[in-house]
Structures are given as structure tokens and as C-alpha cells.
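Since this is a predicted model, take the numbers as computed values, not measurements.
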Amino acid sequence: MALIHPEIWIPCPSAPDYDPNLPEIKSQGVMLISYPRITPTGPAGLFMRIAISTGMLSARHTFSIPLNPPEENLGNYPLIPVKIWKDKPLAHDYGIHLPPTLHRYLGFNPSTSPLTLFRSSDINTRQIFRNAPRKEEIGFQPNTAFADAYPIHLLNLASHRDVASRCAYAIPQLSVRRFRANIIIQGPEAFAEDHWKRLDIAGVEIHAACRTVRCRLPNVDPLTGIRHAVEPDRTLKSYRKIDEGDRTNACLGMQLVPALPEFVLRVGDEVGVLETGEHRYIKMLAPGEKVEGV
């Protein structure tokens, strides 16, 4: 799935060809989704590879979906419960847009597979607790859609470079993309962010809720989809098991929760540290389970 690439197109009202009646504009934009074209074996595959190498045929399939479900066709996008950890938010089923070639690329049978695509619903989000600030503190309970637990992930380039230098023996060019951050900052020394509690980014107060506890997905190269057997997971675990809340896994980056329901960030915005302090990661709790010491 690392080789499935999304691209969002947003209409511009000032464009000369802007037409409010176009379906792409009624849906407030579209998402283009592309993925590698699978070449068959035999003569047909040889012809296809030649066509791709000469530019006669694209090496990737592409299809588009409406960014938002069109009001006049909401019946085509029913709200379905989607299980994410212990939550079951309702989300719009976009399965009607999935082409058979995507099923085949992912190894599903188009006629029998349950493969589909969901679009989050603005009125059916998941409230965040665990390390997130509470409604009593910021005026609303933070929420997210399909993310594991928090809406924003920050990564410090100096921290990434420290990790990259330590596992260069196995991966000479460790891409920052492997760690899937929403916000990448430069300037602070490596791991300075470990103790940030509250930030100011372009005038917006943002809580650094907790450190990002890493799984093994960064072992996958986003350019090739190939998973390295041990790195960077082994390097991270050798010196980044730093959070008392989870001593079995390594940390890199911070999970952020804004103190505003809506805001805009731009490339080049300055980041100010308003408060520092200690962190203790809270794991996903089973029903009836309590945080240790509470």
C-alpha cells in the first residue's frame, strides 16, 4: 500500500475556467489515487512493458473520487460503522469508485472481495482522550477521524538525522517520509521536542500531548514498498525507549492536539515553545482498565 499515492485537487474560484456546476467543484475538489500497473506474463506483458518504457502507456493506473460526498448523490455514499480500535465511527462508503485493477493490485477478487474505501464523516468523528487535553481546559473535546489517536504528528529534522546517521550502515539514505509526519520542523537540536508541552505555531496554541511511540512501519521504504528486516526499528529501540508509559517501544516525534477546532498552518510558519515538562504515554486501555497510579 506504500505505493498507492493520493493527490488532492482543490478548485480555485478565481480560475478562468471555474464552473460551479462541475461535479468536481460541487464536491469541493477531488482526490486522485494512483498505483502501479501490473504487467502480465507472456507476450502481452512484454508489449505492455515496451509501451511503458516508450511513454505510450503510463506505468500507473489513476482514478478520482469526490473530496466530499455530493449532496445530490448522498445515497451513493452510505454511512457505515468503521471499527478503529475500540471506536466505531460512521464513515461514507466510497466503494463504488474502486476500479477492478486496484482490487487485482491488492490481491483481491473484484467480484467477491470486501475491499472498499471510506471517507470520514465530519459529524461522526472520534473523541480523543488518553493524553489529549480535556474539554474543561480548551472548551471542546479534541477529535480525529481515522488516525490512531491524535490528529497531528510533528517531527524534528535534527532528531530524524540523528536516527538516520545511526542506521546508515543498513539504509544510506533514510527518508524522513518513513515517519509520516504532518509537520516537519528545523532549527531545534535533536530530541529537544521530547519535553515540549505547549506550542505556538503561527499564533495557534497547540498541545504536545505525548511522544510518538513507533511501530515497525518506518521499516518500509515509501519509494519502493520494500520492508527492511530490522531498520530503523532496531536502531530506535537501542536508544529511544525513553517514555515511562511504554518501555518496550521507541519514541520519535510528538503527537499534537490544537486548542482550536479549525486553523490553517503554512510552510515557513514559526514554532514557539510555550511550556515544557514531563510526558508519560498512555496506551490504549481495555474496557474497565485504569492507568497505573490513577
Could you tell me whether Asp148 and Arg130 have a side-chain N and a carboxylate O separated by less than 4.0 Å?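 A salt bridge is absent here (no side-chain N lies under 4.0 Å from a carboxylate O).
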
Tell me the ring pair (Phe, Tyr, Trp, His ring centres under 6.0 Å) pairs involving [range], sequence neighbours left out?
range	answer
residues 203-238	none
residues 26-69	Tyr35-His61, Tyr35-Tyr105
residues 126-177	His160-Phe179

For Thr235, what residues pass the side chain to side chain donor-acceptor pair (under 3.5 Å) criterion, not counting sequence neighbours?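 Thr235: side chain to side chain donor-acceptor pair (under 3.5 Å) contacts with Glu231.
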
Counterpart residues, side chain to side chain donor-acceptor pair (under 3.5 Å), relative to Arg166 (two or more places apart):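 Scan of Arg166 (side chain to side chain donor-acceptor pair (under 3.5 Å), adjacent residues dropped) gives Asp162, Tyr239.
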
Between Lys197 and Ala208, is there a donor-acceptor pair closer than 3.5 Å when you use the side chain of the first and the backbone of the second?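 No.
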
Acceptor/donor pairs from residues 261-276 side chains to any protein atom, 3.5 angstrom cut, sequence neighbours excluded:
| from | atom 1 | to | atom 2 | distance (Å) |
| --- | --- | --- | --- | --- |
| Asp269 | OD2 | Arg266 | N | 2.7 |
| Glu275 | OE1 | Arg198 | NE | 2.9 |

Donor-acceptor side-chain pairing of Gln127 and Asn143 below 3.5 angstrom: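 No, because no side-chain N or O of Gln127 sits under 3.5 Å from a partner of the opposite role on Asn143.
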
Distance-only side-chain donor-acceptor flag, Asp122 / Ser120, under 3.5 Å: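 Their side chains do not contain a donor-acceptor pair, so the 3.5 Å distance test is not met.
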
Donor-acceptor pairs are to be reported for all side-chain atoms of residues 1-13 against protein atoms at under 3.5 Å, with residues two or more places apart or in another chain.
| from | atom 1 | to | atom 2 | distance (Å) |
| --- | --- | --- | --- | --- |
| His5 | ND1 | Arg60 | NH2 | 3.3 |

Going by side-chain heavy atoms closer than 4.5 Å, which hydrophobic residues are tied to Leu46, directly or by a chain of links?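 Ile50, listed by chain and number.
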
Members besides Ile52 in its Ile/Leu/Val/Met/Phe/Trp/Tyr cluster (side-chain heavy atoms under 4.5 Å):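 Ile52 shares its hydrophobic cluster with Met48, Leu57.
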
Pair up each side-chain donor or acceptor in residues 26-33 with any protein partner under 3.5 Å, not counting sequence neighbours, and list the distances.
| from | atom 1 | to | atom 2 | distance (Å) |
| --- | --- | --- | --- | --- |
| Ser27 | OG | Pro23 | O | 3.2 |
| Ser27 | OG | Glu24 | O | 3.3 |
| Ser27 | OG | Gly29 | O | 2.7 |

Could you tabulate the donor-acceptor pairs under 3.5 Å formed by side-chain atoms of residues 88-100, not counting sequence neighbours?
| from | atom 1 | to | atom 2 | distance (Å) |
| --- | --- | --- | --- | --- |
| His92 | ND1 | Tyr77 | O | 2.8 |
| Asp93 | OD1 | Gly95 | N | 2.8 |
| Asp93 | OD1 | Thr116 | OG1 | 2.5 |
| Tyr94 | OH | Pro66 | O | 3.0 |
| His97 | NE2 | Tyr77 | OH | 2.8 |

Not counting sequence neighbours, list each pair that qualifies as a side-chain hydrogen bond (donor to acceptor under 3.5 Å, both in side chains) and has a residue in residues 170-188.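 Every candidate side-chain hydrogen bond (donor to acceptor under 3.5 Å, both in side chains) pair involving residues 170-188 fails, so no pair, neighbours aside, qualifies.
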
